Amino acid sequence: MSLLEINGLKVNYGGIEALKGIDFHVDEGEIVTLIGANGAGKSTTLKSISGLVRASGGEIRYDGEKISGLDPQKIVARGISLVPEGRRVFPNLTVLENLRIGAYLNKDADAVEQEIERVYKLFPRLEERHWQQAGTLSGGEQQMLAVGRGLMAHPKILMMDEPSLGLAPLIVKDIFKKILEINQSGVTVLLIEQNANAALKIAHRGYVMVTGNITLTGSGTDLLNDASVREAYLGTKTNG
Amino acid sequence: MKKNFPASVRLTLSLIAAVGVFFLLFWLEGQRTEQGMLISILQKSVILSIAAVSMNLLTGFTGLFSLGQAGFMAIGAYVTGLIAMPVSSVDNVFYVSGMADGLRSFKESLSVLPTPLLITLALLAGGLIAAIFAALVGIPVLRLKSDYLAIATLGFSEIVRAIIAAPQLDRITNGSYGLKAIPGFDSGGGRGSLLIPFGVAVACITFIVLLIRSSYGRAFKAIREDEIAAEAMGIGLFKHKQLAFIISSFFTAISGGLLAMFMRSIDARAFQVTLTYDILLIVVIGGIGSITGSIVGAFLVTFAKEWWLRFFDQPLVINGFKVPLLRTGFRMVVFSIFLMLIVLFYRKGLMGNREFSWYRLLSWPARIGRRKKSLPSGDEEALK
């Protein structure tokens, strides 16, 4: 049994079918990535898993239980947390306040302090800047904060929506290194990326999405070497 | 790291200031005849500061732009007035249609209570009833965003006013005749005219500050900053908005109840939209998102409006030359010009979203000199 199972998931956005019934699964301990062009429905998938968007059909099962239709709070509480697209840190709050909000559902003060220590160990830069307003951080630091905030809920699955968006290549490399580190510490990762190259390199498995459907699936290296993927998403022509 | 004095120094300074204010108020109470004007302006300022801080809890900390203040103040004022008014005055006040029998017997059963207890009860009842209204109104209204929420709450406030003045409610609210003979702050005997409103304000504002510093307060701020991210963190949007709205309305109604005690006689016209705008003005002048800003704003605006600018309302003749423009009402023109100047030069209000700190206060003279020299790096606010 997979940790997260998506069966025939459909989502409508004001009459437009953003997801046309997709199936995929994420096993415990994996890094799974969804790649695809703009508007393929990648973000919608994550939003519906975290309960921010209601599904119009199909179901989402987590740990064997159906979670589609639950409120976002309940889904976060069960161990699925989302690092939203475009970071969305709380700009006028300090780094530390941002982190504490990530652990909002955890009422045990000591446990929250431990989570903060854990995040600081992963991102020492956040500890240096803990008093600073999040809006004054650089893009890369804000992404670290967004990931750290997502980890504060002590998730089993961390879902990341385009963590490389708008960041310099060197910083993207850094972020992906951290994602690997997070995964090795036992957190399952579901990653959405337009930067397919970087995502497939660290992913165990990947799914390719095209306009609301999953068209291709395979291990990270398989997809990386797949001719159609290379052509469509990696920008490299292959001969033959 | 933010610069500040050590906690012990701050605590000592605050204690000294609190004791100083207490004795000043105590002394002023004794000078009632000489300082009547100052006392009544202080009363009004501190009453409005509660309403302003409550509004700031909503607008500045939760990001909900509500314009229902006058309505909730009216609820608080009428409930407080009706409960606190002595039974012996009822026939005098309700001379047209009389008071509803149920209400009268309810008041008679309460009249065994000593006055201070009755007034406390009256204020709390006003707050609770307003909170119930807020909970009901909040269910449909809080799903709206920004300006739509403002319009809906403004509508609610006008409905409250219209209902209070409705002839059908003559036997409860006394319709358009209003309530009179509401006991004042000094009715408990002895010195209360300043200490009571200040005491209530300290209690209310302390509660709100503690709320903002709690994890609820952090959730409110998260909603203000980014609703979607807050929801993704597991913060229930509706539950928290509802909570902020109810608590804010509770304290707004307490402020309304105090206002009724301050004015002694009220009618529905006292709770028009202009009252809401006065409070909004205080919040904006003080700084949206600053509790101390709202308090300072309440005193500044009330003092300027009611006292400092009175000069402009009196005709002035120097050597037979009548200075032009000085006449009744001109003070409001000057007041408005001051407001524009403040908004122009302090775009985020006097305090921005900062809170009072002894360090900032005591280093103020030095900072002014520095700011002129290095504007770009001196003030983070200027860069935004």
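Remember, it's a predicted structure, so these values are computed and weren't measured experimentally. Any value given below was found using the heavy atoms of this structure, including those in side chains, with hydrogens, waters and symmetry copies removed. Just so we're on the same page: letters track the sequence lines, and every chain starts at 1.
Atom-to-atom distance recorded for B/D226:CG and A/L93:CG is 10.5 Å, nearest 0.5 angstrom. In this structure, B/R224 CZ and A/N92 CG are separated by 5.5 Å, a value rounded to the nearest 0.5 Å.
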Distance-only check: which donor-acceptor pairs under 3.5 Å involve side-chain atoms of residues 60-69 of chain B, not counting sequence neighbours?
from	atom 1	to	atom 2	distance (Å)
B/T62	OG1	B/L57	O	2.8
B/S66	OG	B/G68	N	3.3

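Few gaps surround CG on B/L154; more than 12 heavy atoms of other groups in view lie less than 6.0 Å from it. Other residues, nucleotides and ligands place no more than 12 heavy atoms under 6.0 Å from the CZ atom of B/F338. For B/F356, the CZ atom is densely surrounded, since the number of other residues' heavy atoms within 6.0 Å is greater than 12. Within a 6.0 Å sphere centred on CZ of B/F133, heavy atoms belonging to other residues, nucleotides or ligands number 12 at most. No more than 12 heavy atoms of other residues, nucleotides or ligands sit less than 6.0 Å from atom OH of B/Y216.
Evaluation of the side chain to side chain contact (heavy atoms under 4.5 Å, CB included) rule for B/V284 yields B/L280, B/I288 as partners, not counting sequence neighbours. Under the rule for a salt bridge (charged side-chain N to carboxylate O under 4.0 Å, His left out), the partners of B/E227 that lie at least two apart in sequence or sit in another chain are B/K145, B/K241.
Residues B/G234 and A/Y104 approach most closely at O-CD2, 4.1 Å, considering heavy atoms. Contact between A/L52 and B/E231 at its shortest, heavy atoms only, is CD2-OE1, 3.4 Å. Across every non-hydrogen atom of B/R218 and A/I101, the tightest pair is O-CD1, 3.5 Å.
Contacts from residues 73-91 of chain A to chain B, taken as heavy-atom pairs separated by less than 4.5 Å, involve A/Q73, A/V76, A/L82, A/R88, A/F90, A/P91 in sequence order.
Salt bridge annotation for A/E97-B/K221: present, with a cationic side-chain nitrogen under 4.0 angstrom from a carboxylate oxygen.
Taking B/A232, B/A222, B/A229, B/S215 one by one and counting their heavy-atom pairs under 4.5 Å with chain A, the maximum is reached by B/A222.
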